[in-house]
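To start, the structure under review is shown below, and the notes come after it.
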Amino acid sequence: MRIRTTVAAVSGGLVLSALAVPVAQADGGGVHKPTAAERFGVSRAAMSAAADDELPVVSKVTVNGGKNIVAGTTTGAQTFTVSLTASHSAGIEDAYVDLWHGKEHAHYDGVFPPNEQNATCTPVSETTSNCKLTITVDARRYLYMNSLAGTWHVTAAAIAADEVGSVYWNDFYGTHRIQRASKLTANASPEPVKKGKTITVTGKLTRANWETRKYTGYSTQPVKLQFRKKDSDTYTTVKTVKTNSKGDLKTTVKATVDGFYRWSFAGTSTTPAVNAAGDFIDVK
């Protein structure tokens with residue numbers, strides 16, 4: 001059995017902890033994150049050694065096809081693919097990717113490790129492989145605080161197929177967003193309306209509250225009122241209105257031609273963009 005002796009830790013080093021399951025609570029009540037030692041079987045002594053040998057190079061990591069992960073109040077387990085491209089003169093043996101939340105790697109409150117013990121690595125040349133893993137996010141069990149919404153860190157790691165088993169491990173390779181699902185409604189009245197008369201357009205912007213498992217109003221958010229003519233496929237922005245403390249929207253416009261009014265929210269780091277369904281106004 002080959003002894004793996006060369007490890008490099010980038011941006012924060014290697015942290016020893018128990019083998020992780022997705023955001024699991026340990027006996028002491030904490031959340032645990034895998035390390036290079038646990039994932040690749042590297043000794044403690046090797047971790048403290050200088051990384052003088054050639055190390056794998058990770059050139060690309062993709063989480064969920066580049067799309068944000070969105071969870072509502074009843075969203076169950078979602079499994080998505082993560083991929084990593086790495087190279088080394090001796091080739092790549094294995095790879096690792098996880099998502100974790102916190103200010104630093106020693107103090108985190110959420111971890112989603114991969115489901116597999118080993119990545120599926122497909123060589124594209126003698127030195128480079130594309131490796132794939134899956135990660136499961138079970139929102140009902142593990143997204144238990146609203147503060148977990150937003151930017152998560154991405155750990156990327158790879159081990160070379162050389163004699164010493166050189167390892168690259170970076171807890172801060174990149175970031176990815178896990179967001180609270182959003183909803184948006186629109187209602188224009190009266191219907192029908194005479195040309196030149198006032199139309200009142202209302203709506204409500206809400207987002208998933210992971211703590212109460214209900215949708216609640218998203219306050220003080222800029223939302224665009226948009227309109228498209230009856231025979232058009234394109235919406236144009238009429239004005240921007242901010243939601244009140246309950247997420248409610250209300251404004252008035254003058255009736256001109258038949259068409260659809262909707263609200264459009266651009267999204268934030270914690271909440272995805274959303275468009276309301278258009279509400280038709282018949283102008284007489």
Side-chain angles (χ1 to χ4, degrees), residues 10-11 19-24 31-36 38-41 56-88 91-102 105 108-144 148-161 167-182 208 210 267 269-274:
V10 185
S11 300
L19 185 64
V21 293
V23 198
V31 175
H32 292 275
K33 183 180 186 305
T35 66
E38 295 155 347
R39 182 66 182 189
F40 296 134
V57 174
V58 174
S59 57
K60 183 180 181 181
V61 175
T62 303
V63 178
N64 194 31
K67 297 180 292 184
N68 294 335
I69 299 165
V70 179
T73 58
T74 59
T75 304
Q78 302 180 76
T79 298
F80 53 90
T81 301
V82 295
S83 60
L84 178 152
T85 301
S87 60
H88 187 275
I92 298 298
E93 178 182 320
D94 196 7
Y96 174 87
V97 177
D98 72 28
L99 303 178
W100 64 277
H101 187 269
H105 67 276
Y108 43 83
D109 51 16
V111 180
F112 288 112
N115 297 313
E116 298 84 4
Q117 289 296 317
N118 298 98
T120 300
C121 293
T122 304
V124 295
S125 70
E126 291 183 357
T127 61
T128 303
S129 290
N130 292 331
C131 301
K132 291 187 177 181
L133 295 152
T134 62
I135 291 177
T136 298
V137 174
D138 191 339
R140 289 177 296 185
R141 296 184 61 188
Y142 301 128
L143 294 177
Y144 54 91
L148 291 173
T151 301
W152 284 56
H153 298 287
V154 177
T155 299
I159 183 168
V167 172
Y168 169 91
W169 186 285
N170 187 350
D171 286 310
F172 295 89
Y173 184 87
T175 59
H176 199 80
R177 286 179 175 176
I178 299 181
Q179 299 177 308
R180 297 161 61 181
S182 55
W210 292 339
S269 63
T270 62
T271 309
V274 62

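Heavy-atom basis, side chains included; hydrogens, waters and symmetry copies ignored.
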What's the separation between atom NZ in Lys33 and atom CG in Asp171, rounded to the nearest 0.5 Å? 4.0 Å
Side chain to side chain donor-acceptor pair (under 3.5 Å) for Asp98 and Thr155? Distances and angles first, verdict last. CA-CA 5 Å; Asp98 72 28; Thr155 299; 2.8 Å; yes
How far apart are the closest heavy atoms of Leu148 and Trp210, and which atoms are they? C-CZ3, 3.9 Å
Residues Arg39 and Glu116: closest non-hydrogen pair is NH1-O, 2.9 Å
d(Lys60 NZ, Tyr173 OH) to nearest 0.5 Å is 10.0 Å
To the nearest 0.5 Å, what is the distance between CH2 on Trp169 and OH on Tyr96? 5.0 Å
Suppose we call two aromatic rings close when their centres sit under 6.0 Å apart. Are His176 and Trp152 close by that rule? no
Heavy-atom closest pair, residues Thr75 and Gly72: OG1-N, 2.7 Å
Just say parallel, tilted or perpendicular for the rings of Phe172 and His153, cut-offs at 30° and 60°. perpendicular
For residues Arg177 and Ser269, determine if any side-chain heavy atom of one lies less than 4.5 Å from a side-chain heavy atom of the other. yes
Minimum heavy-atom separation for Ser182 and Thr271, please, with both atom names. CB-CG2, 3.6 Å
Working to the nearest 0.5 angstrom, can you tell me the gap between Gln78 CD and Ile135 CD1? 12.5 Å
With Val82 as partner, the option from Val154, Leu133, Leu99 fulfilling side chain to side chain contact (heavy atoms under 4.5 Å, CB included) is Leu133
So CG of Asn118 and CD1 of Ile159: to nearest 0.5 Å the spacing works out to 10.0 Å
Restricting to side chain to side chain contact (heavy atoms under 4.5 Å, CB included), what partner residues turn up for Ser83, sequence neighbours left out? Thr62, Lys132
Which heavy atom of Pro56 sits nearest to which heavy atom of Ile92, and what is that distance? CB-CD1, 4.1 Å
When rounded to the nearest 0.5 angstrom, what is the spacing between OG1 in Thr270 and CG in Asn68? 11.0 Å
Taking side chain as C-beta onward, heavy atoms only, is Phe80 less than 4.5 Å from Val63? yes
Considering all heavy atoms of both residues, which atom of Thr136 and which atom of Ala77 are nearest to each other, and what is their separation? CG2-CB, 3.8 Å
